[in-house]
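The basis for the numbers below is simple: all heavy atoms, side chains too, and nothing from hydrogens, waters or symmetry mates.
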Amino acid sequence: MVRSLGVSLAEAYPQVAATWLQERNGGLTPEKASPKMAVDVWWRCPAGHEWQERIGNRTSMPKWKNGDIAACRECVGYRVSYTYPVCKHTAMVTPGAAARKRDRCWGCQSQWWQENEPRLKAELSAAAKAAAGRAGELLDAVPLPQDMPAPLATEWRWWASKHLQGAIAAEEIMGKEGAGEESLARVTAMGARLLPSTEDAGRAAATDGVLRLLDQAHWAEGWLHVRTGRGPRPVPEEDLEGAAILLGDILADWSQGAAEAAAQNRAMGHRPPATAEITRSLTQAVTSFRDENVIGPIAKHARTYRELRLPVVPDGKGRFGRLDVVIWLPGMSDLVVEIDSRPNAASAQKLAFARDAGAYPLWVRFGTGGIEKIDGVMVLDIREAVQGVLNAGAS
């Protein structure tokens with residue numbers, strides 16, 4: 001036998017109890033049910049609408065009830081009846097959902113997509129490519145802020161084209177009426193507010209070091225430097241030397257461990273590590289700079305990032321460059337590290353910018369070629385150490 005706990009629904013909410021559909025609720029009655037019971041039961045309003053809903057929901061007072069505790073969603077217009085034209089299923093949905101005029105209910109749409117996914121993806125991809133010209137014409141007419149850097153405008157156009165072409169394809173292939181117009185409005189709004197303000201850059205630099213632009217991670221301190229227009233402010237030379245010593249110790253430990261591993265691999269008949277493997281291993285070693293053994297208690301608040309974009313376009317490129325490793329240290333200057341196996345003019349430009357922006361610019365060099373000296377940039381020459389790794393275990 002089901003018994004109520006404390007005051008019954010009939011006693012506490014007689015208006016709600018009056019809509020109880022007893023013939024569909026078995027042995028449970030308003031006299032046995034409690035007002036906040038987490039049980040779904042059937043209801044019928046005076047207009048004859050029938051539905052199933054949790055008792056606790058019926059005794060709550062959300063805004064749509066407009067003060068009427070016994071209100072029916074359909075009577076007040078919070079839910080309307082909508083019949084999907086293709087699958088013919090009828091459901092109670094919000095007026096906004098009904099206005100979207102979807103062809104199928106969620107279950108039927110999911111099943112339809114599973115059955116047609118390979119074909120649709122191919123058709124959508126082809127339609128998106130075919131829409132490149134139309135999308136380009138629409139984007140040509142979008143006004144962008146006059147002070148937006150050309151590379152950022154290029155990034156925006158690439159991002160906007162991808163979204164707009166996809167929306168046009170969805171309109172043509174899946175019948176999503178108005179998708180192209182909606183997408184154009186979104187990318188236009190994004191273009192208008194894309195260039196970060198000094199406040200945005202400063203907030204990101206102080207919070208975690210990353211500024212998000214067009215779904216991409218950018219170096220916040222670099223953008224703050226550009227937006228403020230301030231002059232170069234390199235860190236004191238002795239501080240830079242101190243950071244280089246700490247990183248040098250990390251790389252010395254790395255070379256010892258890497259040499260031992262290379263010797264073991266050679267003994268097993270494996271080849272020496274390739275340049276790409278060494279670069280990946282060095283990058284992983286550099287990120288250990290944020291360990292507690294290196295920088296102490298602030299380590300738990302530090303952040304390590306790879307491939308952060310920065311507002312520098314290396315010579316011969318059309319898009320912003322990316323930094324190999326950035327270590328964000330709360331309350332301190334960021335550590336910026338580039339790792340190269342040969343001379344790299346792009347790395348030199350990025351590190352010079354990082355120096356002027358007030359970071360610790362460190363250049364880890366191994367492999368072949370000479371090493372360029374740049375004022376205010378500390379170079380860690382580990383060519384001999386890496387050669388030792390490559391020769392480890394050789395007879």
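Under a hydrophobic clustering in which Ile, Leu, Val, Met, Phe, Trp and Tyr are joined whenever their side-chain heavy atoms come within less than 4.5 Å, directly or via other members, Phe320 and Met190 fall into the same cluster. Under a hydrophobic clustering in which Ile, Leu, Val, Met, Phe, Trp and Tyr are joined whenever their side-chain heavy atoms come within less than 4.5 Å, directly or via other members, Leu282 and Val389 fall into the same cluster. A continuous path of ILVMFWY side-chain contacts below 4.5 Å connects Leu380 to Leu390, so both sit in one hydrophobic cluster. Under the 4.5 Å side-chain heavy-atom criterion for ILVMFWY residues, no single connected hydrophobic cluster contains both Leu335 and Leu323. Residues Val336 and Val210 are members of one and the same hydrophobic cluster, defined by side-chain heavy-atom contacts under 4.5 angstrom among Ile, Leu, Val, Met, Phe, Trp and Tyr.
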message: Between Met332 and Ile298, does the side-chain contact (heavy atoms from CB on, under 4.5 Å) criterion hold? Intermediate values first, please.
response: CA-CA 10 Å; Met332 300 174 60; Ile298 66 169; 3.5 Å; yes
task: Go through the steps to decide whether Arg157 and Asp140 satisfy the test salt bridge (Lys or Arg N to Asp or Glu O under 4.0 Å), and finish with yes or no.
output: CA-CA 9 Å; Arg157 189 177 181 95; Asp140 286 341; 2.9 Å; yes
- request: Test Lys101 against Tyr82 for side-chain contact (heavy atoms from CB on, under 4.5 Å), laying out the working first.
  value: CA-CA 9 Å; Lys101 299 180 179 179; Tyr82 177 73; 3.9 Å; yes
message: For a salt bridge (Lys or Arg N to Asp or Glu O under 4.0 Å) check, start with the C-alpha distance between Glu50 and Arg24, then their side-chain angles and the critical distance, and finish with the verdict.
response: CA-CA 10 Å; Glu50 295 183 5; Arg24 302 189 69 174; 3.2 Å; yes
query: Stepwise, does the side-chain contact (heavy atoms from CB on, under 4.5 Å) test hold for Arg186 with Ser183?
result: CA-CA 5 Å; Arg186 284 197 300 271; Ser183 180; 3.9 Å; yes
- request: Kindly determine whether Phe289 and Val325 satisfy side-chain contact (heavy atoms from CB on, under 4.5 Å), including the steps that lead there.
  value: CA-CA 11 Å; Phe289 191 98; Val325 178; over 6 Å; no
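Summarising the local packing, CZ of Arg306 is surrounded by 12 or fewer heavy atoms from other residues, nucleotides or ligands at distances under 6.0 Å. Within 6.0 Å of the CH2 atom in Trp106, the count of heavy atoms belonging to other residues, nucleotides or ligands does not exceed 12. Taking a 6.0 Å sphere around CZ of Arg383, one finds it holds more than 12 heavy atoms contributed by other residues, nucleotides or ligands. By the 6.0 Å contact criterion, CD on Glu384 is open, its count of non-hydrogen atoms from other residues, nucleotides or ligands being 12 or less. The number of heavy atoms from other shown groups lying within 6.0 Å of CD (Glu181) does not exceed 12. The number of heavy atoms from other shown groups lying within 6.0 Å of CG (Asp375) does not exceed 12. No more than 12 heavy-atom neighbours from other residues, nucleotides or ligands sit within 6.0 angstrom of CD on Glu177. Residue Lys317 places its NZ atom among 12 or fewer non-hydrogen atoms of other residues, nucleotides or ligands, all under 6.0 Å distant.
Side-chain contact check for Leu247 versus Val364: some heavy-atom pair is nearer than 4.5 Å. The side-chain heavy atoms of Trp254 and Val386, taken from C-beta on, include a pair separated by under 4.5 Å. With a 4.5 Å cut-off on side-chain heavy atoms, Met92 and Ser81 count as touching. Between Val337 and Asp324 there is no side-chain heavy-atom pair separated by less than 4.5 Å. Annotation: side chain of Pro151 is not in contact with side chain of Val312 (no heavy-atom distance under 4.5 Å). When side chains are defined from C-beta on, Val142 does not count as touching Val187, because their heavy atoms never get closer than 4.5 Å. At a threshold of 4.5 Å between non-hydrogen side-chain atoms, the residues Glu23 and Leu21 count as touching. Side-chain atoms of Pro30 and Gln22, non-hydrogen and from C-beta on, do get closer than 4.5 Å to each other.
Annotation for Trp64 and Ala71: closest pair CH2-O, 3.7 Å, computed over non-hydrogen atoms. When all heavy atoms of Pro95 and Tyr78 are compared, the closest pair comes out as CD-O, 3.5 Å. Closest heavy-atom contact between Val80 and Ala98: CG2-CB, 3.9 Å. Summarising the geometry of Cys75 relative to Cys45, their closest heavy-atom pair is SG-SG, 3.7 Å, with the distance given to 0.1 Å. Nearest heavy-atom pair, Lys65 versus Ile69, reported as atom, atom and distance to 0.1 Å: NZ-O, 3.2 Å. Nearest heavy-atom pair, Tyr360 versus Ser333, reported as atom, atom and distance to 0.1 Å: CE1-CB, 3.5 Å.
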Just distance, no hydrogens or angles: give the donor-acceptor pairs under 3.5 Å from side chains in residues 164-175, sequence neighbours left out.
from   : atom 1 : to     : atom 2 : distance (Å)
Gln165 : NE2    : Ala128 : O      : 2.6
Glu171 : OE2    : Gly178 : N      : 3.1
Glu171 : OE2    : Ala179 : N      : 3.3
Glu171 : OE2    : Gly180 : N      : 3.3

Run the side-chain donor-acceptor check on residues 212-229: report pairs under 3.5 Å with partners two or more places apart or on a different chain.
from   : atom 1 : to     : atom 2 : distance (Å)
Asp215 : OD2    : Trp159 : NE1    : 3.2
Gln216 : OE1    : Arg309 : NH1    : 2.9
His218 : ND1    : Trp223 : NE1    : 3.1
Trp219 : NE1    : Asp334 : OD2    : 2.8
Glu221 : OE2    : Arg230 : NH2    : 3.0
Glu221 : OE2    : Arg233 : NH2    : 3.0
Arg227 : NE     : Pro196 : O      : 2.8
Thr228 : OG1    : Leu224 : O      : 2.8
Thr228 : OG1    : His225 : O      : 3.2

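Distance alone, capped at 3.5 Å, is enough to place a donor-acceptor pair between the Thr279 side chain and the Thr275 backbone. Ser60 places a side-chain N or O within donor-acceptor distance of the main-chain N or O of Asn57, the cut-off being under 3.5 Å. Side-chain atoms of Glu338 never come within 3.5 Å of backbone atoms of Trp363 as a donor-acceptor pair (strictly under, hydrogens ignored). At distances below 3.5 Å, not a single donor-acceptor pair connects side-chain atoms of Ser288 with backbone N or O atoms of Asp291. Checking side-chain atoms of Ser255 against main-chain N and O of Ala252 turns up a donor-acceptor pair under 3.5 Å.
Comment: Arg73 engages Glu53 in a salt bridge, judged by a side-chain N to carboxylate O separation of less than 4.0 angstrom. With respect to Arg203 and Glu199, no salt bridge is recorded, no charged nitrogen being found less than 4.0 Å from a carboxylate O. The pair Arg365-Glu372 fails the salt-bridge criterion, with no side-chain N (NZ, NE, NH1 or NH2) lying under 4.0 Å from an Asp/Glu carboxylate O.
Under the 6.0 Å distance and 45° angle rule, Arg79 does not count as a cation-pi partner of Trp51.
For the residue pair Arg58 and Thr19, a side-chain donor N or O sits within less than 3.5 Å of a side-chain acceptor on the partner. Checking Asp208 against Trp328 by side-chain atom types alone, no donor-acceptor pair falls below 3.5 Å.
For the atom pair Leu362 CG and Leu240 CG, the distance stands at 6.0 Å (nearest 0.5 Å). Rounded to the nearest 0.5 Å, atoms NZ (Lys121) and CH2 (Trp113) are 6.5 Å apart. The line from CD1 of Ile339 to CD1 of Ile382 is 8.0 Å long, rounded to the nearest 0.5 Å. Distance check, rounded to the nearest 0.5 Å: CG of Asp356 to CG of Leu351 gives 11.0 Å. A distance of 10.5 Å separates CZ of Arg290 from NE2 of His301, quoted to the nearest 0.5 Å. Expressed to the nearest 0.5 Å, how far CD1 of Ile55 lies from OH of Tyr13 amounts to 12.5 Å.
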